[in-house]
Amino acid sequence: MQPPLPAPRPVSGVLHDAGWPGEARAALLCSGLLLGVALIVDAGAHGLTLLRALCCIALSALLLVVLLPARVSAAPGLLTVQGLWVTRSVRTDRLAAVVWPADTAQRLSLRDADGARAEVDLRVLLTNPALWLRIEADARASRERGTLDHGAADLARLALHVHSETARTVLRVSGLG
């Protein structure tokens with residue numbers, strides 16, 4: 001059995017997913033490239049019509065909607081996941097449930113005492129350790145207050161997973177792994 005991990009240091013201010021701008025640019029680039037290639041191929045093969053151009057634009061827009069990731073930010077006591085049309089906020093200092101089905105999903109589902117829900121992609125937490133530490137500290141506060149009644153085991157398992165992946169990444173980057 002491993003010794004318990006030390007409590008994370010509190011961090012002030014709002015934290016954002018540092019990888020989101022790059023992923024959003026990549027989604028825009030992919031959909032723009034699809035639009036350009038589709039218009040060029042269609043114009044060369046059949047002659048471009050308004051209906052075909054609109055279909056190419058719709059296909060490109062659909063690809064953008066599929067590829068554009070949700071924007072995740074965390075303030076002390078609050079996690080916000082902003083999708084294309086929906087923004088969900090969860091009070092992380094008053095969590096009621098944390099669900100992470102490790103064998104089936106790569107998403108962490110959070111529900112607060114007020115019933116608000118949000119889901120976070122695990123890759124966001126792995127690539128942003130400060131964001132994870134903020135969520136973990138707030139979840140620890142929820143557990144101490146007694147509001148976290150479901151998912152303490154999932155939270156502990158996820159904490160071990162995130163910390164071990166972060167350590168592996170540090171070792172790999174430093175050339176020791």
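Keep in mind that what you see is a predicted model, and the values were worked out from it rather than measured.
Residue R52 qualifies as enclosed at atom CZ: its count of foreign heavy atoms under 6.0 Å is above 12. Counting heavy atoms of neighbouring residues, nucleotides and ligands inside a 6.0 Å radius, atom CZ of R117 does not exceed 12 of them.
Between V90 and A118, the closest heavy-atom pair is CG2-CB, 3.3 Å. Closest approach of A74 to R134, counting heavy atoms only: O-NH1, 3.0 Å. Closest approach of P129 to T166, counting heavy atoms only: CG-CG2, 4.3 Å. Here the shortest heavy-atom pairing between E165 and L126 reads CB-CD2, 3.6 Å. Here the closest non-hydrogen pair linking G13 and P76 is O-CD, 3.6 Å. The minimum heavy-atom distance between N128 and A18, with the atom names listed, is OD1-N, 3.0 Å.
The main-chain N or O of L64 is never found under 3.5 Å from a side-chain atom of S31 such that the two would form a donor-acceptor pair. A donor-acceptor pair under 3.5 Å is absent between the side-chain atoms of D114 and the main chain of A116, judged by distance alone. S142 places a side-chain N or O within donor-acceptor distance of the main-chain N or O of D93, the cut-off being under 3.5 Å. Judged by distance alone, with hydrogens and angles left aside, the side-chain atoms of D17 form a donor-acceptor pair with the main-chain N or O of G19 at under 3.5 Å. Judged purely by atom type and a 3.5 angstrom limit, T147 uses its side chain to pair as donor or acceptor with the backbone of L95. Panel note: side chain R94, backbone R145; no donor-acceptor pair is recorded below 3.5 Å. The main-chain N or O of W100 is found under 3.5 Å from a side-chain atom of R157 such that the two form a donor-acceptor pair. Of the possible donor and acceptor atoms, none in the side chain of W20 sits under 3.5 Å from a partner among the backbone N and O of V72.
We find the CD1-CG distance between I57 and L34 to be 11.5 Å, quoted to the nearest 0.5 Å. Rounding to the nearest 0.5 Å gives a distance of 11.5 Å between CG of L148 and CG of D112. Note that CZ of R107 and CZ of R123 are 9.0 Å apart. Values are rounded to the nearest 0.5 Å. Note: T87 OG1 to R71 CZ = 11.0 Å, rounded to the nearest 0.5 Å. Annotation: the span from C55 atom SG to D42 atom CG amounts to 9.0 Å, rounded to 0.5 Å. The distance from atom CD of E136 to atom NE2 of H163, rounded to the nearest 0.5 Å, is 4.0 Å.
In this structure, the side chains of H150 and V99 come closer than 4.5 Å at one or more pairs of heavy atoms. Annotation: side chain of W132 is not in contact with side chain of V120 (no heavy-atom distance under 4.5 Å). A 4.5 Å side-chain heavy-atom check between L125 and L108 finds at least one atom pair inside the cut-off. The side-chain heavy atoms of L158 and L122, taken from C-beta on, include a pair separated by under 4.5 Å.
Cluster membership check: V65 shares its hydrophobic cluster with L68, using side-chain heavy-atom separations under 4.5 Å among Ile, Leu, Val, Met, Phe, Trp and Tyr. Grouping the Ile, Leu, Val, Met, Phe, Trp and Tyr side chains by contacts below 4.5 angstrom, directly or via other members, places V86 with L84. Both L63 and L59 are members of a single hydrophobic cluster when ILVMFWY side chains are connected at heavy-atom separations under 4.5 Å. By the rule that hydrophobic residues join a cluster once side-chain heavy atoms approach within less than 4.5 Å of another member, V124 and I135 end up as members of one cluster.
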Run the numbers on L78 and R91 for side-chain contact (heavy atoms from CB on, under 4.5 Å), then give the verdict. CA-CA 5 Å; L78 185 68; R91 293 292 312 254; 4.0 Å; yes

